[in-house]
There are 2 protein chains.
Amino acid sequence: MRITRDSVASLANVSSATVSRVYNAPDSVSADLRQRVFEAAETLGYSPNCLAASLRRKGTGTLAFVEFNKTGRPYYWGNFPSFDWFFGRSLRGVQQVIGQSSWQLRFYNVRTKEDMQALQKQCDGILSYDVDMSEELALFEDISIPYVLSHHLHESTQGLCVRTDNRYGGVLQGNYLRDKGCVRPLYITGFIESVMPHAERLEGFLSVYPEARVLHTSIGAATSITSILPQIEQILSSDHIDGIAAVNDLTLFDVLMRLPLDMPAVGYDASPFSALLGAKAASVDIQCGQLYQKATQKLLLLLSGQQEESSTIQPRLVIGSAGM
Amino acid sequence: MRITRDSVASLANVSSATVSRVYNAPDSVSADLRQRVFEAAETLGYSPNCLAASLRRKGTGTLAFVEFNKTGRPYYWGNFPSFDWFFGRSLRGVQQVIGQSSWQLRFYNVRTKEDMQALQKQCDGILSYDVDMSEELALFEDISIPYVLSHHLHESTQGLCVRTDNRYGGVLQGNYLRDKGCVRPLYITGFIESVMPHAERLEGFLSVYPEARVLHTSIGAATSITSILPQIEQILSSDHIDGIAAVNDLTLFDVLMRLPLDMPAVGYDASPFSALLGAKAASVDIQCGQLYQKATQKLLLLLSGQQEESSTIQPRLVIGSAGM
DNA sequence: CTGTTAGCGCGTTCAC
DNA sequence: GTGAACGCGCTAACAG
């Protein structure tokens, strides 16, 4: 025999509606009755059936975790299976918040506006994974259910965002090298025009080192690291480089693995790779777990009728073993 | 206005029960009516409300993805944040299967039998993440809902398992070195007694190289890599080692990063690290995505009343860029 | 503040 | 084969 609201109600000698209120609007019930209901629930081992609740609320009880189709791009980090760690870490953030609630999670891959419309009928709220282009933003135009956008978003973005501050991340990279006494750093990047976060990181870095030597590459797409190694070596010596930064760990470590450099180095992403290099390289941690945790919290608040505002999670500099 | 079973029924000129049957037992409805129902559903854009369905079925419509509390162990790989990639990759497997179904996923952290009992009332099936000790196995003793165990499980384990063959993984490592012409390999491992998968991998390796030099360490816990480097160097030279294998990538790469060895090397896990070393090191891929995909499939089949049997996913040798 | 009542959308008996 | 009717466990009016 299953324990329902009614079992609790009869044991506590209250109406079933009161039990319901105790769980949904505790303040509207007198402390006395509330106590009695809790006790009855406790002894019976009652827990509300969130299915029935959602059904009655005409909701779905479901949050959608949506990813966007990024195929066909010249460069997209998420395409590297290596970045499963990022997916996992983000999801851990979501999980932490959702685990405490009665919400469930469903995964979706979305490509078109039609997909989004269909999605809208199947969930109560949308959690987006890595919205980073205006085309993706446009998908949210006609969405009338609560949603929150993450994580590579510009400040000017409309809609509720939880974003990372890529520019500040660049500043952190610069500050790190400066603290290490570097005077003439090399900054390796790529896809500046098409990948906004890269541009922002560089901008931040340049705000610390306006005169930095910047190398634009296509690593990760057309170019392999080996083909530009000679160029890098040449720059290193001819420009008297004394520190190195890169738009991401993958690029930085690609270089460090091949050129035994004895100078401060800082990457971006706090990827698991960091564990290997130990103190030899610093990195900037987006803190995606925390970011997606925040995003989920905001979504839940939105769903409970609260007004929420966009916020930014500041990245953090990590050195060495952080990834272990 | 929402589209329900009744909307479809009236448009198709059938009873709502028939619509219901079309979706749940299509064979019990005449082809004629079935067709009419499908057409009506199509034009209305109807999709069944799985909440109401689950409610009526007295189920929850939810699958639990449970992780076990591994704190307090001398060694547990999952404790390294680096292994978020593993979590992510596994979840992608789950997601692929679940995305096609009407099931939802909830995350749980479980520690005691009481936790499991509570869990049992909140979901219809349990998907376990990395059950690897008998204590965890014991948690499933009194579970009466369908569940599937993954992934470091011994062949003799009771209950429905989808496991990886760690012994065979060790064989793959051995074969790789043999193909490279190695005669006297060094195998680095640790926690053999407490971590069964490690023991199995070693056993597999030794079946190929019975005379292999085996080094037992505590890397990852008490010992840091640097403290045993001298020992490794000594073994390498005194024993004329011509190939190196390790129980996992982390250990192997820790060594390779510090000792510039010119000999074949093979790790385990196909971690993102592989991307960095390129062809310099091979690794064994557990294929966790595929593994958890299979586990989820089996769970769904179980839930639909089918009889399922345990199965094993064979690991695969990967070289170099696999992780990119 | 509390109880009564009417559904949410669906699966499933039971007659026909 | 098919349809009518009931109720899964709960929330949200509405009275009192």
Side-chain angles (χ1 to χ4, degrees), chain A residues 1-38 40-41 44-62 101-104 121-124 303-305, chain B residues 1-38 40-41 44-62 101-104 121-124 303-305:
Chain A
M1 147 108 195
R2 291 181 63 90
I3 296 143
T4 74
R5 189 192 52 169
D6 292 4
S7 338
V8 178
S10 62
L11 179 62
N13 252 316
V14 296
S15 78
S16 51
T18 300
V19 179
S20 197
R21 286 192 197 100
V22 167
Y23 283 89
N24 297 298
D27 295 337
S28 70
V29 179
S30 68
D32 175 37
L33 284 196
R34 205 187 316 157
Q35 182 61 21
R36 260 162 58 199
V37 168
F38 274 136
L44 290 177
Y46 167 77
S47 62
N49 182 326
C50 62
L51 242 69
S54 304
L55 176 60
R56 191 52 245 258
R57 284 198 187 99
K58 310 199 185 199
T60 63
T62 296
S101 76
S102 69
W103 292 96
Q104 327 213 144
K121 294 197 300 190
Q122 296 174 47
C123 65
D124 296 338
L303 285 162
S304 69
Chain B
M1 149 105 197
R2 293 179 64 93
I3 296 143
T4 76
R5 188 186 57 169
D6 293 5
S7 336
V8 178
S10 62
L11 179 61
N13 252 317
V14 296
S15 79
S16 52
T18 299
V19 179
S20 197
R21 287 194 195 97
V22 166
Y23 283 89
N24 297 298
D27 295 338
S28 69
V29 179
S30 69
D32 174 35
L33 284 197
R34 207 186 318 157
Q35 182 61 22
R36 259 162 57 198
V37 168
F38 274 137
L44 290 177
Y46 167 76
S47 62
N49 181 328
C50 60
L51 240 70
S54 305
L55 176 61
R56 193 52 244 259
R57 285 198 184 99
K58 309 198 185 201
T60 62
T62 296
S101 76
S102 68
W103 291 97
Q104 327 211 145
K121 295 195 300 187
Q122 297 174 46
C123 64
D124 296 339
L303 284 163
S304 70

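Reminder, nothing fancy here: chain letters follow the sequence lines and each chain counts from 1.
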Taking the minimum atom-to-atom distance to the side chain of Tyr46(B), which one of dC1(C), dC10(C), dT12(C) wins? dC10(C)
Do the side-chain N or O atoms of Thr18(B) get closer than 4.0 angstrom to the phosphate oxygens (OP1, OP2) of dG3(D)? yes
Would you mind classifying the nucleic acid contact of Val19(B) as base, sugar-phosphate or nothing, using non-hydrogen atoms under 4.0 angstrom? nothing
Just the rounded figure in Å: distance from P of dT12(C) to CZ of Arg5(B). 11 Å
Could you tell me whether the phosphate oxygens of dG9(C), OP1 or OP2, come under 4.0 Å of any side-chain nitrogen or oxygen in Thr4(B)? no
Taking the side chain of Ala53(B) as heavy atoms from C-beta outward, which of dT2(D), dC8(C), dC10(C) is closest to it? dC10(C)
Atom-pair distance (CD1 on Ile3(A); P on dC8(D)), nearest Å: 15 Å
Is there a side-chain contact between Arg57(A) and Asn24(A), using heavy atoms and a 4.5 Å cut-off? yes
d(NZ, Lys121(A); P, dG9(C)) in whole Å: 13 Å
Looking only at side-chain atoms of Ser15(B), point me to the closest of dC8(C), dA4(D), dG1(D). dA4(D)
Whole-Å gap separating P (dG11(C)) and CG (Leu51(B)): 12 Å
Students often get this wrong, so: under 4.0 angstrom with heavy atoms, is Ser30(A) touching a base, only sugar-phosphate, or nothing? sugar-phosphate
Can you list the steps and then say if Tyr23(A) with Tyr46(A) is a ring-ring contact (aromatic ring centres under 6.0 Å, His included)? CA-CA 11 Å; Tyr23(A) 283 89; Tyr46(A) 167 77; 5.5 Å; yes
Donor-acceptor pair present, Arg34(B) side chain and dG1(D) base, under 3.5 Å: no
Please tell me whether Thr62(B) and Gln104(A) have a donor and an acceptor in their side chains that are separated by less than 3.5 angstrom. yes
From dG11(C), dT2(C), dG9(D), nucleotide with atom closest to Leu33(A) side chain: dT2(C)
Closest non-hydrogen atom pair between Val14(B) and Leu33(B), with its separation: CG1-CD2, 3.7 Å
Taking only the side-chain heavy atoms of Ala52(B) (C-beta and beyond), determine which of dT2(C), dG9(C), dT12(C) contains the nearest atom. dG9(C)
What integer distance in Å separates Asp6(B):CG from dC8(C):C1'? 12 Å
Tell me the interatomic distance from Leu44(A), atom CG, to dG9(D), atom C1', rounded to whole angstroms. 15 Å
Atom of Ala41(A), atom of Val8(A) and distance for their closest heavy-atom approach: N-CG1, 3.9 Å
Kindly indicate whether the side chain of Arg56(A) and the base of dG7(C) share any N or O donor-acceptor pair separated by less than 3.5 Å? yes
Nucleotide of dG9(D), dG11(C), dC10(C) approaching Asn24(B) most closely (side-chain heavy atoms): dG11(C)
Can you check the Leu55(A) CG to dC10(C) C1' distance for me, whole Å? 8 Å
Donor-acceptor pair under 3.5 Å: do we get one between Arg21(B)'s side chain and the base of dG3(D)? yes
OP1, OP2 of dT2(D) versus side-chain N and O of Ser28(B): anything below 4.0 Å? no
In short, Thr4(B) meets Ser7(B) closest at the heavy-atom pair N-OG, 2.8 Å
Provide, to the nearest angstrom, the distance between the CZ atom belonging to Arg57(B) and the P atom belonging to dC8(C). 20 Å
